[in-house]
Number of protein chains: 2
Amino acid sequence: MKRKVTLKQIAKELDVSISTVSKALRNSIEISEDTRQKVQAFAKLYNYRPNNIALSLKNRKTKTIGIIIPEIVHHFFSKVITGIELVANKRGYNVIVGLSNESFDKEVINMQMLANGSIDGFILSIAKETLQHQDYHHFIETINQGMPIVMFDRVVNEIPCDKVIVDDVKGAKLAIEKLISCGCENIAIITTKDYVSVGKLRTQGYIEALEDNKMHPKSSLILKVDDKLLSENQLEALEKEIEELFKLNKNIDGVFAVNELYAVTAMKVARKLGLKIPESLQVVSFTDGVLSKHSTPSLTTVSQHGQSIGEKAADLLINRLEMDEGEEGEEEEEEIYETVIIETELIERESTKK
Amino acid sequence: MKRKVTLKQIAKELDVSISTVSKALRNSIEISEDTRQKVQAFAKLYNYRPNNIALSLKNRKTKTIGIIIPEIVHHFFSKVITGIELVANKRGYNVIVGLSNESFDKEVINMQMLANGSIDGFILSIAKETLQHQDYHHFIETINQGMPIVMFDRVVNEIPCDKVIVDDVKGAKLAIEKLISCGCENIAIITTKDYVSVGKLRTQGYIEALEDNKMHPKSSLILKVDDKLLSENQLEALEKEIEELFKLNKNIDGVFAVNELYAVTAMKVARKLGLKIPESLQVVSFTDGVLSKHSTPSLTTVSQHGQSIGEKAADLLINRLEMDEGEEGEEEEEEIYETVIIETELIERESTKK
DNA sequence: TTGTAGGCGTTATCAT
DNA sequence: ATGATAACGCCTACAA
């Protein structure tokens with residue numbers, strides 16, 4: 001097995017100095033045509049490739065991006081990664097992934113592991129636990145050390161960094177307006193407890209949309225599910241809560257669910273109760289994933305364009321990284337951070353009327 | 001913004017040598033209690049962390065694992081990543097992800113990017129295109145350079161490396177036997193063209209299981225779908241092919257689909273044709289993902305245990321990496337490679353009878 | 001045209 | 001008990 005060949009070895013083999021080899025390979029005009037040829041031929045033969053680690057150390061930049069997300073088995077997050085990877089690779093960067101698993105500690109540890117030189121900057125979405133603790137010191141510290149962060153989806157305003165989000169309020173309004181325009185008069189929402197920021201915002205959009213249309217939001221139609229029911233796989237409990245909702249409010253003719261799983265489960269319960277979709281009950285969901293497309297009936301959803309979010313986040317981060325290059329030491333120069341809003345889109349399928 | 005502090009800076013600040021600082025931080029007994037305290041206090045204050053890149057360069061190992069998979073927006077692959085990440089982190093490794101997007105070129109490029117020092121070893125699943133070209137030189141080269149590879153799921157025997165696979169034949173038999181034991185007499189299979197290795201193996205399992213039970217596999221019941229229909233999002237075409245299958249074979253009472261999407265689509269078509277599931281048609285699918293769990297009816301599936309696959313792959317790789325440590329140069333010592341088979345499991349849900 | 005030396009941050013070995 | 005030096009692999013300013 002031929003170990004990876006280095007400049008040094010080539011130099012020794014060809015009996016020239018290391019710097020000659022280095023220059024020859026970079027086609028420096030300082031080097032004679034002759035040796036250049038010789039070196040390049042040899043390098044090609046032995047399949048020489050500069051060692052990334054050495055380059056990183058020398059250039060003080062790794063050309064890799066650290067991603068920290070709560071979980072990867074999740075359509076939205078994997079779409080985002082796809083987007084990040086796409087533009088990262090296009091711009092010569094690699095992507096290293098850490099999972100927080102919704103845990104504060106794992107988020108902190110993972111960030112520390114990566115922040116010690118392994119990466120140039122972070123793209124991340126905050127863990128639920130961190131959101132609850134409201135402890136953001138690890139983000140602040142990372143940023144203070146000169147490592148830029150771009151947050152997406154689950155962000156928090158007080159952190160000075162670029163952000164890419166979806167207008168959850170607006171997206172929810174899109175959904176509700178669709179239901180209203182299709183004749184719904186008693187629209188329920190299935191959402192999460194308020195500490196999940198996106199759940200809260202979508203609920204807010206629901207309420208605003210109703211009010212905009214002179215309809216009165218009724219608290220009995222707002223079901224705030226404990227999202228542990230989701231993560232801990234307690235489908236039955238979720239079904240029971242939803243069934244209760246329907247039974248206590250027989251006049252429900254529209255449902256807005258803040259995620260696919262709630263939507264699919266609501267449809268299941270509804271079917272069990274004899275409701276026809278979309279004839280007697282219409283359903284719209286947030287988050288456009290696999291379930292929506294392949295459920296029966298397929299779901300009308302508000303798409304967040306996860307991939308676009310990833311692409312934008314990567315561009316923001318890399319722009320900042322490469323911007324910094326010019327002005328290394330120039331202390332505290334009134335950084336301006338951007339918050340990009342990716343437009344949501346209503347994707348109409350079979351769970352609503354035309 | 002206080003840049004990351006280095007040994008050098010601490011040394012200067014405290015007016016000692018770099019090596020003293022280094023030793024003090026590692027609690028060397030060579031250093032006086034006094035200076036040790038002083039250095040450690042200072043280091044803590046400035047939140048000193050050794051630079052990973054420098055360590056990697058010095059130790060010639062990065063403590064990171066490169067993953068190359070065809071795509072990440074895919075329940076199975078993200079489960080595998082979860083598994084890899086879990087044990088990698090536990091054993092002090094990071095994980096860097098590259099997507100081949102099923103393309104040969106991207107697979108090669110991604111591997112090259114990572115193989116130049118960024119990682120210690122690969123865990124990968126081969127791109128479809130590579131499987132078709134049957135061009136595996138990039139794997140061979142990587143291995144020859146002393147960088148171990150662990151392949152999972154889509155593997156190819158001729159490459160000398162550890163492998164983690166599922167017994168696709170056996171898994172398929174599990175599915176067919178379930179259908180037979182539930183009274184099915186005309187079982188169709190919806191599978192892929194043969195160049196997709198797992199599709200081929202599952203088809204083989206289907207045929208063997210039928211023969212084992214003295215039933216005659218009929219070619220009219222074997223639908224080999226061009227898997228481009230899947231990736232290019234041409235659901236209608238898929239539906240049409242399946243509808244055709246049902247119409248030409250009215251007596252079908254069981255369907256085995258080699259993936260969730262085929263299964264869900266088959267159920268959709270069946271429902272359209274007025275077939276009741278599971279009363280008049282039973283369905284079993286390979287690959288246990290989100291769709292199976294949340295479709296209506298929920299799907300009986302053969303679970304591949306993606307997370308276990310990932311965990312096992314990571315353990316195999318890290319074991320090999322840490323084994324190598326002892327015997328660096330010891331040339332060609334009759335490497336023994338392992339192929340681990342992760343057992344499949346039948347998960348019974350509503351699409352089959354009890 | 002080629003080579004030397006220094007440095008990126010660390011650690012290990014060998015002085016002092 | 002502390003420090004100088006070399007090395008990991010690469011690049012580059014400067015010297016020859």
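So you know, we letter chains A, B, ... as the sequences are listed, proteins then strands, and number each from 1.
B/F104 and B/H137 have tilted rings, their planes meeting at an angle from 30° to 60° on a 0 to 90° scale.
Take the nearest nucleotide of DNA chain D for B/D15 and for B/A54: the residue whose nucleotide is more 5' is B/D15. Each of B/Q9 and B/E30 was matched to the nucleotide of DNA chain C holding its nearest heavy atom; the match closer to the 5' end belongs to B/Q9.
For B/S22, a side-chain nitrogen or oxygen approaches OP1 or OP2 of C/dT11 to under 4.0 Å. Between D/dC10 and A/S19, no contact under 4.0 Å exists linking OP1 or OP2 to a side-chain N or O. OP1 or OP2 of C/dG9 sits under 4.0 Å from a side-chain N or O of A/R60. For the pair A/S17 and C/dG3, the criterion of a side-chain N or O lying under 4.0 Å from OP1 or OP2 is met. One finds no side-chain N or O of B/K58 lying less than 4.0 angstrom from the OP1 or OP2 phosphate oxygen of C/dC8.
Of the possible polar contacts, one joining the A/N52 side chain to the B/M113 backbone as a donor-acceptor pair under 3.5 Å is found. The backbone N or O of B/I65 sits nowhere less than 3.5 Å from a side-chain atom of B/D120 that would complete a donor-acceptor pair.
Among the heavy atoms of the strands lying under 4.0 Å from A/K23 is at least one base atom, whether or not backbone atoms are also near. If you check every strand for non-hydrogen atoms under 4.0 Å, A/L25 touches nothing. Nucleic acid contact for B/T35: sugar-phosphate only, since backbone atoms but no base atoms lie under 4.0 Å from a heavy atom of the residue. Among the atoms of the strands shown, base atoms are found under 4.0 Å from some heavy atom of B/L57. Among the protein residues, B/R36 comes within range of no part of the nucleic acid, since none of its heavy atoms lies under 4.0 Å from any strand.
Side-chain contact, A/E141 with A/Q145: no donor N or O sits under 3.5 Å from an acceptor N or O. Checking A/N116 against B/K4 by side-chain atom types alone, a donor-acceptor pair falls below 3.5 Å.
Among C/dT11, D/dG3, C/dG3, the nucleotide with an atom closest to any side-chain atom of A/V16 is C/dG3. Side-chain proximity of B/N51 to the nucleotides D/dT2, C/dT11, C/dG9 is greatest for C/dG9.
Atom CD1 of A/I18 and atom P of D/dC14 are 20 Å apart (whole Å). Separating the CD1 atom of A/I53 from the P atom of D/dC11 is a distance of 14 Å, rounded to the nearest angstrom. For the pair A/L7 CG and D/dC8 P, the interatomic distance rounds to 12 Å; values are reported in whole Å. Going from atom CG of B/N59 over to atom P of C/dT10 covers 12 Å, rounded to whole Å. In this structure, B/I31 places its CD1 atom 9 Å from C1' of D/dG3, rounding to the nearest Å. Atom-to-atom, NZ of B/K4 to C1' of C/dC8 comes out at 15 Å; the value is rounded to the nearest Å. Between A/L14 atom CG and C/dT2 atom P the separation is 11 Å, expressed in whole Å. Distance NZ (B/K8) to C1' (C/dG7): 7 Å, rounded to an integer number of Å.
Here A/E102 pairs with A/R154 in a salt bridge; the nearest charged N to carboxylate O distance falls below 4.0 Å.
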